[in-house]
Number of protein chains: 2
Amino acid sequence: MNMPAFEQGRMKPVLVTPAALGVVDSMPISNFVDGQSVYSCGETAGQVYRVEFGAVRVYRVLANGRRQILDFHLSGNWFGLQNEDIRRSSAEAIGATAIRSISLRGARYVWQGLVPVVLENYSSAQEHQLVIGRQSAVERVAAFLLEMSNRAGCACKFDLFMPRIDIADYLGLTIETVSRALTKLKNGNIIRLRGTRGVEIVNYKALQKLCL
Amino acid sequence: MNMPAFEQGRMKPVLVTPAALGVVDSMPISNFVDGQSVYSCGETAGQVYRVEFGAVRVYRVLANGRRQILDFHLSGNWFGLQNEDIRRSSAEAIGATAIRSISLRGARYVWQGLVPVVLENYSSAQEHQLVIGRQSAVERVAAFLLEMSNRAGCACKFDLFMPRIDIADYLGLTIETVSRALTKLKNGNIIRLRGTRGVEIVNYKALQKLCL
DNA sequence: CGTCTTCTTGAACCCTATCAAAGCACGTGG
DNA sequence: CCACGTGCTTTGATAGGGTTCAAGAAGACG
């Protein structure tokens with residue numbers, strides 16, 4: 001089932017990103033305010049996007065109003081990639097955000113470079129399935145904090161850029177449960193909370209251990 | 001944010017599948033018995049796979065033994081697509097299964113054709129996030145039955161090809177809860193159960209309504 | 001036809017959601 | 001600079017849904 005090492009390398013021909021193709025950096029950047037829609041469920045999908053700065057939440061809403069945030073996208077992340085013509089999710093800016101949009105006009109060439117991007121998004125979606133499918137509230141919040149820490153460059157001190165409700169809808173919990181989990185982690189001297197958004201990881205290993 | 005219709009069509013240059021590239025059909029097919037491993041977590045990833053007949057479950061296991069099935073793959077479905085060198089999930093045959101494996105030797109060309117496949121898998125992963133993140137037990141089972149019905153060609157009468165434990169681990173529930181949900185749907189005259197695996201959807205609309 | 005596995009059913013418990021209210025943070029205007 | 005108001009967060013009490021543990025029933029298979 002295994003392969004020689006020289007073949008493993010071929011897994012990533014994909015380091016040829018669209019940027020490397022030289023077509024992306026010339027694409028237009030738009031600015032969004034907090035909560036502003038980038039695209040909405042039901043719209044036709046004609047572009048893919050890259051966050052230049054700020055953040056984006058991609059989510060879906062059930063008929064009864066329950067919302068599930070599928071992913072957060074930070075500076076450098078691509079989103080809006082899909083095969084179907086119609087958007088089945090919505091995307092909104094979190095805070096002041098700049099987004100580069102790429103039309104799929106020269107589709108074949110653009111998609112080719114986006115393969116690693118799609119694979120990465122796919123991978124993180126699967127990771128998240130595990131978290132919301134098989135972990136308890138505290139474990140989910142712990143996993144979330146580690147994820148945010150990693151995305152902040154593995155800093156042990158960072159700011160959450162989204163409100164509690166977004167964390168809850170990302171983790172499949174309620175804001176109250178998220179708050180209680182954070183309090184529990186704080187009381188266990190695993191994290192420290194600074195104001196509403198600030199987080200400091202005091203006991204990194206304990207946090208990792210919680211994610212099993 | 002919308003685009004003219006003629007550009008929409010460009011979203012799918014991707015109908016050029018590997019099969020169309022003429023390299024896939026010549027790839028070797030292996031046979032697997034029920035429960036046999038296709039690849040395991042921790043192995044190096046050198047191939048992608050396509051189910052020829054039978055079925056495959058892709059799953060991850062937490063340190064404490066809790067398992068989450070990420071996806072089921074049926075005849076014609078591709079799996080094992082990832083960017084990283086190391087497998088973070090495991091794949092097993094469900095029942096007697098034939099699988100075609102494609103080395104990523106001619107990687108660039110293969111990946112190019114696989115873009116729609118990856119996008120499809122990504123899309124179904126997101127769909128599933130919604131189910132396990134924001135739906136109740138009965139709603140999850142209802143969604144699962146509809147999914148299986150669709151994959152069986154929208155038949156209202158079909159066989160589940162996996163045991164209850166797989167359904168449970170796919171939906172983030174226990175087997176008992178899955179069983180109770182099925183009983184509830186049966187008692188509500190929404191479905192009929194034939195033996196252990198057989199399912200007949202009696203009230204299709206009611207089932208859809210449950211998924212909201 | 002018997003045995004083993006899988007599935008279903010039951011009862012008790014636990015975790016998380018829900019409902020309600022108080023505490024903060026921040027911005028506005030006096 | 002402080003009072004006030006608004007929105008978000010935390011904390012509390014209760015209830016509901018799902019898990020867990022424990023049998024029992026139904027299939028599958030030799």
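So you know, we letter chains A, B, ... as the sequences are listed, proteins then strands, and number each from 1.
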Length of the line joining [X]:[atom1] and [N]:[atom2], which is rounded to integer Å:
| X | N | atom1 | atom2 | answer |
| --- | --- | --- | --- | --- |
| A/Leu171 | C/dC15 | CG | C1' | 16 Å |
| B/Leu185 | C/dT8 | CG | P | 12 Å |
| B/Ile165 | D/dT19 | CD1 | P | 11 Å |
| B/Leu173 | D/dG17 | CG | C1' | 11 Å |
| A/Arg164 | D/dT11 | CZ | C1' | 14 Å |
| A/Arg194 | D/dT10 | CZ | P | 16 Å |
| B/Leu193 | D/dG27 | CG | P | 10 Å |
| B/Glu139 | D/dG17 | CD | C1' | 12 Å |

Heavy-atom donor-acceptor pair, [X] side chain to [Y] backbone, under 3.5 Å:
| X | Y | value |
| --- | --- | --- |
| B/Thr97 | B/Gly95 | yes |
| B/Gln68 | B/Leu70 | no |
| B/Arg100 | B/Tyr49 | no |

How would you label the contact of [X] with the nucleic acid (heavy atoms, under 4.0 Å): base, sugar-phosphate, or nothing?
| X | value |
| --- | --- |
| B/Leu182 | nothing |
| A/Thr196 | sugar-phosphate |
| A/Gly172 | sugar-phosphate |

Q) Does B/Thr183 make a side-chain N or O approach to OP1 or OP2 of C/dT9 shorter than 4.0 Å? A)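 It does, given that an N or O in the side chain of B/Thr183 lies less than 4.0 Å from OP1 or OP2 of C/dT9.
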Q: Look at the side-chain N and O atoms of A/Thr174 and state whether any lies under 4.0 Å from the OP1 or OP2 oxygen of C/dA17.
A: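 For A/Thr174, the contact criterion (side-chain N or O under 4.0 Å from OP1 or OP2 of C/dA17) is met.
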Can you give me every donor-acceptor pair (side chain of residues 154-161 of chain A, partner residue at least two apart or in another chain, under 3.5 Å) with its distance?
none

Q | Among D/dT9, D/dC21, D/dG18, the nucleotide that comes nearest once only the side chain of B/Glu176 is considered | A |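 The answer is D/dC21, which lies nearest to the side chain.
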**Q.** Nearest listed nucleotide, side chain of A/Ser179, among C/dA17, C/dC7, D/dT11
**A.**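 Nearest listed nucleotide: D/dT11.
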Q) For DNA chain C, whose closest nucleotide is more 5', that of A/Gly195 or that of A/Val138? A)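 Result: A/Val138.
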Q. Do A/Tyr170 and A/His128 have ring centroids that are under 6.0 Å from one another?
A.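 Ring centroids of A/His128 and A/Tyr170 are less than 6.0 Å from each other.
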(Q) Between the base of D/dT20 and the side chain of B/Arg180, is one N or O donor paired with an acceptor at under 3.5 angstrom? (A)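 Yes.
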Q | A/Ile175 vs A/Arg134, nearer the 5' end of DNA chain D by closest nucleotide | A |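 Nearest-nucleotide comparison on DNA chain D picks A/Ile175.
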